[in-house]
Amino acid sequence: MIDALEILVLVATGALAVFGVVLTILNRPPDRTMRLAVGAVEVLLVVQAAIAAVRVFSGTALPETQTFLIYLVVSVCVLPIATQFATAEPTRWGGTVIAVGAIATAVAVWRLQGLWLAGA
Amino acid sequence: MPEPARATSSGPGRVLIAVYGVFALSATARALVQIATKFHEAPLAFLLSLVAGIVYILATIGLNGRGPGARRLAWAAVGFELAGVLIVGTLTVLDAADFPDDTVWSVYGRGYGFVPLVLPFIGLWWLRHTRAR
């Protein structure tokens, strides 16, 4: 994977988690700014997943390809689902729901990097 | 006048469901990969991982649902989860040899930041907090 992009993704998901918790503390439901932030992070995740997938299918050997691909799918899917669930009931808790999704995504990216390094 | 039960899927309950959903996904997916790729290495641990994953799925469905049926499901699943993490956690602390590969409940969920140990307590508290009274 690309180290710079991975670090950017981890920072972005971390910032998103903080943003979500701040919204909860401020007693505000997820707003348009939050949707844009989620969208921006999601773009990064999709780019990262696309690059990694192309490399895997063009011959980069990994010890656990299956697991890697599952984590790759998880890294892209969790945030949209969490955001959908967070905004279905517009309360202050929506921000924390997005934060949970962002942290889970960060963990998945972290595991991806570990699996990738194991193959390098 | 008795107060009816409140929805477990409202307000902070949604955060709880999100955490349960993440664990349902990760524990089940991990167990399925382990069973598909290296079942013979530690069949007991991998089956236990799968049971844990299913329990998290049922808890997520129960907490997210409405009505007495969903609430009963949530009670049963979260109760089972608490028993599971305490029993498996204690067994793995006493004798690591019987569990050669990690499960989500090994050593009280150490591999997952001990969230698996804390989660059922919060789940049971939330079910009690929102019950009819």
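Every chain is numbered from 1 and lettered A, B, ... according to where its sequence line falls, protein lines coming before strand lines.
A:I103 and A:V11 are not part of a single hydrophobic cluster, where members link through side-chain heavy atoms under 4.5 Å apart. Residues A:Y71 and A:V73 fall into different hydrophobic clusters, defined by Ile, Leu, Val, Met, Phe, Trp and Tyr side chains chained together at heavy-atom separations under 4.5 Å. B:L119 and B:F114 fall within a single hydrophobic cluster, where Ile, Leu, Val, Met, Phe, Trp and Tyr are joined by side-chain heavy atoms under 4.5 Å apart, directly or via other members.
Judged by distance alone, the side chain of A:Q66 and the main-chain N or O of B:V33 form no donor-acceptor pair under 3.5 Å. Of the possible polar contacts, none joining the B:R14 side chain to the A:V97 backbone as a donor-acceptor pair under 3.5 Å is found.
Considering only heavy-atom pairs separated by less than 4.5 Å from chain A, the leading option among B:S26, B:G21, B:S10 is B:S10. Chain A forms the most heavy-atom pairs under 4.5 Å with one residue out of B:A36, B:P12, B:G13, and that residue is B:P12. Chosen from A:T96, A:V107, A:T91, the residue pairing most often with chain B at heavy-atom distances under 4.5 Å is A:T96.
Within 6.0 Å of CH2 on B:W75 lie more than 12 heavy atoms contributed by other residues, nucleotides or ligands. Atom OH of B:Y108 has more than 12 neighbouring heavy atoms from other residues, nucleotides or ligands inside a 6.0 Å radius. In A:R92, the CZ atom is crowded: over 12 heavy atoms of neighbouring residues, nucleotides or ligands sit closer than 6.0 Å. Atom CZ of B:R131 sits in a crowded spot, with more than 12 heavy atoms from other residues, nucleotides or ligands closer than 6.0 Å.
Heavy-atom distances place both the backbone and the side chain of B:V19 under 4.5 Å from chain A. Of the two parts of B:L16, neither the backbone nor the side chain holds a non-hydrogen atom closer than 4.5 Å to a non-hydrogen atom of chain A.
The shortest non-hydrogen separation linking A:F85 to B:N64 is CE1-OD1, 3.6 Å.
Side-chain atoms of A:V78 and B:L25, non-hydrogen and from C-beta on, do get closer than 4.5 Å to each other.
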